[in-house]
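These figures come from a predicted structure and were not determined experimentally. Excluded from the calculations below are hydrogen atoms, water molecules and symmetry mates; all remaining heavy atoms, backbone and side chain alike, are included.
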Amino acid sequence: MSLRTRLTSRTRLPLRSRRPSGARRARRTPSLLLATAAVVSLSTAAPTSATPATATAAARVVLSTDFSGTSLPAGFRAVEGAWQVKDGRLHGTSADSGQQSRITFGEHLDNFRIEVTARFESVRDSARWAALGLDVPADGAVPWSIATVRSNSTAGNGLEFAERTAAGAWNVTDTAAAPTAAGTGRDVRLAVEVHGTKARWFFDGKEALRTTRLARSEKGVEALVVNGATVSFDDLKVTELPGRGYLRPEGSPLTVIAHRGASSAAPENTLVSDEAARRGGAEYIENDVQPSKDGVPYVLHDTTVDRTTDGTGAIRQLTAAQLDRLDAGSWFAPAYAGARVPTLVAQLDDLRTRGGDMLLEIKGRHTRDEVAAVVAAVRERKMADRVFVQSFDVETLKHVRELAPELPLGLLRGSLDADPVALARELGLASYNPSDDALRQRPGIVADLHAAGVAVWVWTVDSPERWRALEKTGVDGIITNRPAELTGWNAAYLQNRPAAPGVEITSPAPGARLDRAQAPVAAVQSTGAEKVTLTVDGAPVPVGKPLDLTSLAAGEHRLRATATGPGGTTTADATFTVRASRTGLAHLVLTSGADANRVATMTTMLGHGHHTQLARWAENQSGRGVPAARAALIAAEARALAAG
């Protein structure tokens with residue numbers, strides 16, 4: 001058996017376990033597999049912790065195929081272009097740049113991961129592309145949303161999130177350079193993780209691009225798309241994921257949370273500030289909400305309108321009609337004259353249609369009825385899955401928990417509580433959100449909160465030096481007035497992140513069949529690793545030392561090498577088989593530790609081929625003249641030879 005069919009590598013990075021690019025495994029017989037694992041979701045009762053985004057216990061494999069047949073797998077629908085299965089791969093061809101060859105499959109999913117090995121076989125020109133369809137009608141009609149990769153390009157738009165609109169136009173929302181070029185004839189592993197309108201693009205295991213503006217529909221399924229090229233695909237897998245958690249996955253950048261929108265670039269808590277934050281790459285837009293005199297929730301930070309509008313007075317003493325007439329932009333710059341103080345409903349509508357999620361701070365003490373008005377607005381606009389509520393006021397959070405247990409909660413703090421973990425459990429928090437100054441006093445609390453499943457979002461931090469320090473501390477997200485700059489800092493972090501270590505087991509050769517007289521040296525090759533460990537069936541063994549096969553049972557055994565370095569941890573598995581042989585049995589006898597007379601008796605039986613007699617004799621002498629463990633192995637080996 002070849003190395004490729006026995007040895008697999010798995011890297012604990014945002015991309016789930018995968019084998020090295022281009023490697024092939026033994027073919028599976030079914031082309032379409034439906035998993036039976038049940039989806040484990042967050043309770044609708046007040047949660048006590050958040051679930052990490054990459055938690056696998058709640059994953060359901062919807063589709064998995066290696067295209068080992070001769071026809072399209074069941075459920076695949078070619079809606080444009082030429083599609084065929086040959087040589088163990090799915091081949092899609094687009095005749096020219098005007099043809100978007102599409103094949104659809106799967107089912108509508110809110111949260112999922114799609115991954116595939118892709119290879120450009122030929123291209124019409126260097127600008128051609130292939131794509132993972134993230135939300136495509138089953139009949140391939142517009143509109144649809146995709147994640148594209150250009151052929152042989154590391155240009156700034158080599159990777160894209162884009163929408164083909166109902167009018168047949170392109171709306172490209174986000175672009176980035178691919179870490180390496182997807183050259184003709186080269187296998188690349190592509191993956192996208194989708195959570196509602198958010199998505200993360202992975203190229204050969206490395207996160208390269210994010211979006212918060214993925215256009216979604218109610219029925220769209222998954223697809224593959226080819227433009228002006230022939231592309232082959234292998235090892236396609238679609239996995240339903242649990243709702244996105246708030247703990248930052250290993251190797252992922254900080255969550256960018258725009259404080260009052262992009263408040264360093266536009267008037268805070270306005271629709272224009274939200275748009276600037278969205279275009280700057282913010283995943284969450286932090287807004288403040290307070291009620292008007294007549295009970296309408298408005299987005300405003302201060303208790304009065306004096307600082308950020310052309311009016312005066314406390315917001316709670318002004319009616320909705322009065323608030324709607326205020327200019328909330330001129331104070332910031334003349335270009336923003338006429339911007340309004342938005343209602344919460346207007347802010348939610350803007351986010352729902354244009355992208356982004358809301359971190360909604362309920363400002364100050366609110367009565368239960370006032371909280372109910374906020375909850376009603378969120379539910380009426382169907383935004384409960386895209387709103388995260390935070391407050392300094394514990395009673396306000398308790399009202400939210402009672403009225404809307406589906407909404408995740410965060411507790412804002414200017415100084416740390418004596419026991420943040422206990423308080424987080426009591427309130428059912430998804431995040432604990434301290435000030436930067438507060439966290440400086442006890443940075444170790446981040447690990448304690450993470451152990452309890454609680455994320456840490458820190459406010460309000462605008463300095464790259466502090467971003468770097470907080471990233472090292474392990475915080476999950478940063479609330480900042482400079483979301484575009486933090487997004488750029490994150491991009492640099494992704495580009496400069498150390499590569500995951502490589503590891504390969506070279507001896508015993510994967511799939512080797514060995515007898516007990518052999519003593520293969522355990523050998524591993526690694527790159528980028530600071531530490532390498534090796535186990536046989538879970539028990540540690542020294543690298544570079546001979547393996548003692550006299551202590552192993554007959555049959556298959558599993559080797560696992562683990563390499564740890566600055567870029568993460570990678571494992572490689574291989575198997576070998578210990579088989580019965582006369583040479584191996586002789587070695588067991590001669591090294592048994594029995595006295596000379598018993599060794600002579602056993603070798604005589606072995607020499608005459610009396611294997612059954614030898615087995616019985618060894619069992620009879622077990623613990624008397626032959627050590628018990630060795631006697632059991634000799635007996636088992638002799639019986640295997642007698643049977644074979």
Side-chain angles (χ1 to χ4, degrees), residues 45-47 257 259-261 268-270 274 284-309 311 313-324 326 328 340-351 357-415 417 423-424 426-435 457 459-460 479:
I257 307 163
H259 187 231
R260 308 177 201 171
E268 66 184 56
N269 280 326
T270 62
D274 284 4
Y284 284 87
I285 296 172
E286 189 265 355
N287 293 133
D288 307 284
V289 66
Q290 300 181 70
S292 65
K293 183 177 181 180
D294 41 358
V296 178
Y298 273 79
V299 175
L300 188 80
H301 175 269
D302 298 356
T303 57
T304 73
V305 300
D306 298 33
R307 180 177 63 86
T308 58
T309 77
I315 182 174
R316 288 175 176 263
Q317 297 303 315
L318 298 172
T319 66
Q322 290 173 309
L323 290 168
D324 288 344
L326 299 179
R340 299 303 176 193
V341 180
T343 63
L344 175 59
V345 165
Q347 202 84 325
L348 290 168
D349 284 344
D350 182 66
L351 287 166
D357 290 354
M358 178 184 281
L359 176 59
L360 181 61
E361 180 182 346
I362 299 180
K363 203 70 183 173
R365 178 67 64 89
H366 275 52
T367 66
R368 188 179 186 279
D369 288 344
E370 289 169 341
V371 171
V374 172
V375 168
V378 171
R379 285 177 167 165
E380 286 169 5
R381 311 322 281 185
K382 298 182 179 180
M383 287 285 285
D385 60 341
R386 293 173 57 187
V387 171
F388 191 119
V389 175
Q390 65 174 0
S391 179
F392 283 96
D393 186 67
V394 169
E395 291 304 312
T396 295
L397 290 180
K398 288 181 178 179
H399 291 323
V400 177
R401 182 179 181 181
E402 176 190 351
L403 293 166
E406 73 274 18
L407 294 177
L409 302 180
L411 178 63
L412 286 160
R413 280 296 186 245
S415 59
D417 296 283
L423 185 57
E426 177 188 343
L427 297 177
L429 300 181
S431 73
Y432 185 87
N433 303 346
S435 69
W457 289 350
W459 57 274
T460 300
I479 302 171

Shortest non-hydrogen contact between L344 and A377, atoms and distance: CD2-CB, 3.9 Å
From D288 atom CG to T303 atom OG1, the distance as rounded to the nearest 0.5 Å: 11.5 Å
Steps toward side chain to side chain contact (heavy atoms under 4.5 Å, CB included) verdict (R401, L403): CA-CA 6 Å; R401 182 179 181 181; L403 293 166; over 6 Å; no
Side chain to side chain contact (heavy atoms under 4.5 Å, CB included) evaluation trace for E361 with R260: CA-CA 10 Å; E361 180 182 346; R260 308 177 201 171; over 6 Å; no
Heavy-atom pair of closest approach, residues S391 and G364: OG-O, 4.5 Å
Any donor-acceptor N/O pair, R413 side chain to F392 backbone, under 3.5 Å: yes
Side chain to side chain, R307 and E268, heavy atoms closer than 4.5 Å: yes
Side chain proximity check, L427 to L411, heavy atoms < 4.5 angstrom: yes
Rounded distance [0.5 Å steps], CG in L359 versus NE2 in H259: 9.5 Å
Salt bridge D324-R340, side-chain N to carboxylate O under 4.0 Å: no
D294 (side chain) donor-acceptor with A320 (main chain) under 3.5 angstrom: yes
Geometric class of the F388/W457 ring pair [parallel <30°, tilted 30-60°, perpendicular >60°]: tilted
Q317 (side chain) donor-acceptor with A314 (main chain) under 3.5 angstrom: no
Inter-residue atom distance I315.CD1 - L326.CG, 0.5 Å rounding: 9.5 Å
Non-hydrogen side-chain atoms of Q347 and M358 separated by less than 4.5 Å: yes
Nearest atoms (heavy-atom pairs only) where L318 meets S292: O-CB, 3.4 Å
Heavy-atom closest contact (R365 atom, R316 atom, distance): O-NH2, 3.4 Å
Side-chain heavy-atom pair L348, V387 within 4.5 angstrom cut-off: yes
Full working for side chain to side chain contact (heavy atoms under 4.5 Å, CB included) between Q390 and I479: CA-CA 12 Å; Q390 65 174 0; I479 302 171; 4.3 Å; yes
Donor-acceptor side-chain pairing of N269 and Y298 below 3.5 angstrom: no
Stepwise side chain to side chain contact (heavy atoms under 4.5 Å, CB included) check, D393 with I362: CA-CA 8 Å; D393 186 67; I362 299 180; over 6 Å; no
Taking every non-hydrogen atom, the tightest pair across G414 and S435: O-OG, 3.2 Å
Steps toward side chain to side chain donor-acceptor pair (under 3.5 Å) verdict (S431, N433): CA-CA 6 Å; S431 73; N433 303 346; 2.9 Å; yes
Q290 side-chain N/O to D302 backbone N/O, donor-acceptor pair under 3.5 Å: yes
Spatial distance of atom CG (L397) from atom CD (E426) [nearest 0.5 Å]: 11.0 Å
Closest heavy-atom pair and its distance - E370, T367: OE1-N, 2.9 Å
Interatomic spacing from CD in E380 to CG in D349 - rounded to 0.5 Å: 10.5 Å
Residue pair R368 / E402, side-chain heavy-atom distance below 4.5 Å: yes
Distance (rounded to the nearest 0.5 Å) between L300 CG and L323 CG: 8.0 Å
Contact check, side chains of D274 and N287, non-hydrogen atoms, under 4.5 Å: yes
Test item: R386 side-chain N/O and L351 main-chain N/O as donor-acceptor pair under 3.5 Å: yes
